Engineer: 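Take a look at the following structure, please.
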Amino acid sequence: MSKVIRILSIDGGGIRGILPATFLSALEEKLQEVSGKSDFRLANYFDLIAGTSTGGLLTCLYLIPEDNNALVPKYTARQALEFYFGYGDSAFTPNTETGFHKYSPAGLEAGLNSFFGSLKLSQLIKPTCITAYDMLQCEPYLFFSHVAISDPRANFYVKDVARATSALPGIFPPATVSSLSGRKRTFIDGSIFAYNPSLQAYIRAKSIFPNAEKFMLLSLGTGLPATSYTPEQLEDTSEKNWARLLADISFSAHSDMVHFQLEEIFKGKTGSEYIRLQPSLLGLNKEMDNVSHENVHALYKAGLEFVSTNEKAMTELVNSIT
């Protein structure tokens with residue numbers, strides 16, 4: 001029987017990363033319970049993990065190796081979730097300088113340095129597909145850990161990868177970082193072309209595993225709502241209003257189109273499976289940068305409800321993976 005290549009993909013969404021992180025924490029614990037392998041982590045069950053922005057951060061957290069064992073994941077999925085509780089507030093440090101970007105990167109960079117230190121992309125324990133956009137070359141850029149192993153031009157410090165994929169215009173300024181070969185690049189968040197990175201993840205997995213015939217792709221959203229705009233919103237011609245509307249529309253449209261494309265790709269593929277789970281934001285603040293104590297805990301509660309309402313999907317996932 002041919003091996004099923006398992007892919008995990010996580011959307012962008014800032015602090016709303018709490019939603020998929022809560023689901024994945026529950027998934028990891030259920031996998032441990034069913035398999036009887038309490039020391040196993042998500043990285044033991046997936047062959048490639050992909051992410052954009054907050055999803056890219058989670059990808060890195062899930063794939064950090066132990067200090068003394070390069071093949072064993074350092075953090076549990078629950079510890080990765082706790083990153084949002086421990087660093088969410090300090091990551092969004094208001095920018096005291098006048099300008100387009102709302103937050104200084106200092107707080108975020110301090111948190112990333114604390115978690116990742118001098119760890120290199122090439123040291124992550126499974127293949128990655130983490131998105132960013134290269135402002136100097138004017139083209140999408142994908143951080144591939146398996147490529148970084150043999151090519152210093154593609155190898156970066158993980159803290160710089162996480163910083164690059166999180167540099168959403170208007171929220172954080174661009175990230176200027178250097179590869180281990182010394183080449184400087186300036187990145188912004190990959191959300192502008194891959195808010196939902198599932199399709200890039202699938203294409204990369206097919207490249208890494210060219211002989212594979214069966215794939216399982218789990219794609220997790222961060223709660224993009226199906227927004228209905230009021231006449232008042234549409235009649236407001238201010239730059240701020242339309243910048244917000246266009247960002248919402250762009251992210252939502254991209255995510256929906258990728259979902260549609262993958263449904264078509266996986267249709268009729270015997271032995272392969274595509275699962276897309278998108279939390280509801282009903283009654284929640286949808287802003288990516290609302291890190292108030294009340295909102296963080298509201299998101300966590302919604303994440304737990306998301307786990308509960310997807311109990312059947314969780315069970316099917318566990319049975320499929322184990």
Side-chain angles (χ1 to χ4, degrees), residues 10-22 24-25 41-43 49-67 73-97 99 101-121 123-125 128 130-132 143 145 156-178 185-191 222 285 287-300 303:
I10 312 167
D11 287 11
I15 196 64
R16 297 202 320 259
I18 289 173
L19 294 167
T22 303
L24 289 168
S25 176
R41 307 283 184 261
L42 291 173
I49 304 182
T52 289
S53 191
T54 197
L57 170 62
L58 286 170
T59 297
C60 296
L61 289 169
Y62 295 144
L63 297 178
I64 299 175
E66 282 277 9
D67 296 337
K74 183 174 184 177
Y75 299 120
T76 66
R78 183 159 297 279
Q79 288 171 319
L81 168 62
E82 289 169 359
F83 178 91
Y84 293 97
F85 296 96
Y87 291 92
D89 186 34
S90 59
F92 291 91
T93 305
N95 198 343
T96 57
E97 299 178 5
H101 306 292
K102 193 173 178 181
Y103 300 100
S104 162
L108 174 62
E109 290 171 358
L112 296 177
N113 186 60
S114 175
F115 259 77
F116 301 121
S118 59
L119 185 75
K120 302 175 182 65
L121 180 64
Q123 293 175 280
L124 296 183
I125 61 180
T128 63
I130 300 172
T131 70
F143 293 99
S145 58
F156 295 80
Y157 289 112
V158 173
K159 62 185 178 183
D160 291 339
V161 173
R163 170 72 176 89
T165 194
S166 301
L168 182 64
I171 300 296
F172 291 113
T176 298
V177 300
S178 295
R185 291 178 178 269
T186 298
F187 293 111
I188 58 173
D189 193 323
S191 292
T222 58
N285 187 307
E287 299 301 326
M288 299 181 187
D289 59 340
N290 185 336
V291 293
S292 68
H293 177 83
E294 293 77 15
N295 191 55
V296 166
H297 284 272
L299 287 169
Y300 178 57

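Numbers for residues simply follow the sequence, beginning at 1. Only a predicted model underlies this, so the values are computations on that prediction, with no experimental measurement involved.
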Engineer: Once you measure the plane-to-plane angle for Phe156 and Phe187, does it fall in the parallel (<30°), tilted (30-60°) or perpendicular (>60°) bin?
Structural biologist: perpendicular

Engineer: So His297 and His293, would you call those rings parallel, tilted or perpendicular, with 30° and 60° as cut-offs?
Structural biologist: tilted

Engineer: At their closest point, which heavy atom of Ser166 faces which heavy atom of Ala162, and how far apart are they?
Structural biologist: OG-O, 2.7 Å

Engineer: Test your reading of the model: is there a side-chain donor-acceptor pair from Asn290 to the backbone of Ser292, 3.5 Å cut-off?
Structural biologist: yes

Engineer: Have a look at Tyr75 and tell me which of Phe116, Tyr62, Phe115 forms a ring pair (Phe, Tyr, Trp, His ring centres under 6.0 Å) with it.
Structural biologist: Phe115

Engineer: Taking atom types as modelled and ignoring hydrogens, do the side chains of Ser104 and Thr93 form a donor-acceptor contact shorter than 3.5 angstrom?
Structural biologist: no

Engineer: For residues Ile49 and Leu58, determine if any side-chain heavy atom of one lies less than 4.5 Å from a side-chain heavy atom of the other.
Structural biologist: no

Engineer: Examine distances only and state if a side-chain atom of Thr59 and a backbone atom of Gly55 form a donor-acceptor pair shorter than 3.5 Å.
Structural biologist: yes

Engineer: Output the distance between atom OG1 (Thr165) and atom CD1 (Ile188), rounded to the nearest 0.5 Å.
Structural biologist: 11.0 Å

Engineer: Which pair of non-hydrogen atoms, one from Pro174 and one from Thr186, has the smallest distance, and what is that distance?
Structural biologist: CB-CG2, 3.7 Å

Engineer: Do Thr54 and Pro20 have side chains that approach each other closer than 4.5 Å (heavy atoms only, starting at C-beta)?
Structural biologist: no

Engineer: Testing the basics here: between Ile15 and Glu287, what is the closest heavy-atom pair and its distance to 0.1 Å?
Structural biologist: CG2-O, 3.9 Å

Engineer: For Asn285 versus Arg16, what's the shortest heavy-atom pair and its separation?
Structural biologist: O-CD, 4.5 Å

Engineer: Roughly how far apart are Leu112 CG and Leu61 CG, rounded to 0.5 Å?
Structural biologist: 8.5 Å

Engineer: Could you check if a side-chain atom of Leu63 sits within less than 4.5 angstrom of a side-chain atom of Val158, using non-hydrogen atoms only?
Structural biologist: no

Engineer: For a quick test of reading the model, state the closest non-hydrogen atom pair linking Cys60 to Ile130 and the distance between them.
Structural biologist: SG-CD1, 3.7 Å

Engineer: Got a sec, which residues hit side chain to side chain donor-acceptor pair (under 3.5 Å) with Arg41, two or more places apart in sequence or on another chain?
Structural biologist: none

Engineer: Taking all atoms of both residues into account, what is the closest heavy-atom pair of Leu168 and Ser191, and its distance?
Structural biologist: CD1-CB, 4.3 Å

Engineer: Return the set of residues passing side chain to side chain contact (heavy atoms under 4.5 Å, CB included) with Lys120 (not counting sequence neighbours), or none when no residue passes.
Structural biologist: Ser122, Gln123, Asn155, Tyr157, Leu180

Engineer: What distance separates Lys159 NZ from Ser118 OG, expressed to the nearest 0.5 Å?
Structural biologist: 7.0 Å

Engineer: Nearest 0.5 Å, please: how far is CD1 in Ile125 from NZ in Lys74?
Structural biologist: 12.5 Å

Engineer: Enter the distance from Leu81:CG to Thr76:OG1 here, rounded to the nearest 0.5 Å.
Structural biologist: 9.0 Å

Engineer: Please check this pair: side chain of Thr128 against backbone of Phe143, looking for a donor-acceptor N/O pair closer than 3.5 Å.
Structural biologist: yes

Engineer: When you compare the side chain of Met288 with that of Ile171, does any pair of heavy atoms fall below 4.5 Å?
Structural biologist: no

Engineer: Does a donor on one side chain sit under 3.5 Å from an acceptor on the other, for Asp189 and Ser53?
Structural biologist: yes

Engineer: Answer yes or no: is there a donor N or O on one side and an acceptor on the other, between the side chain of Thr22 and the main chain of Ile18, under 3.5 Å?
Structural biologist: yes

Engineer: Distance from Leu108 atom CG to Phe172 atom CZ, nearest 0.5 Å?
Structural biologist: 4.5 Å

Engineer: Can you pull the salt bridge (Lys or Arg N to Asp or Glu O under 4.0 Å) pairs that have at least one residue in residues 160-175, sequence neighbours excluded?
Structural biologist: Glu109-Arg163

Engineer: Counting N and O atoms only, with roles assigned by atom type, does the side chain of Thr222 sit under 3.5 Å from a partner on the main chain of Gly12, one being a donor and the other an acceptor?
Structural biologist: yes

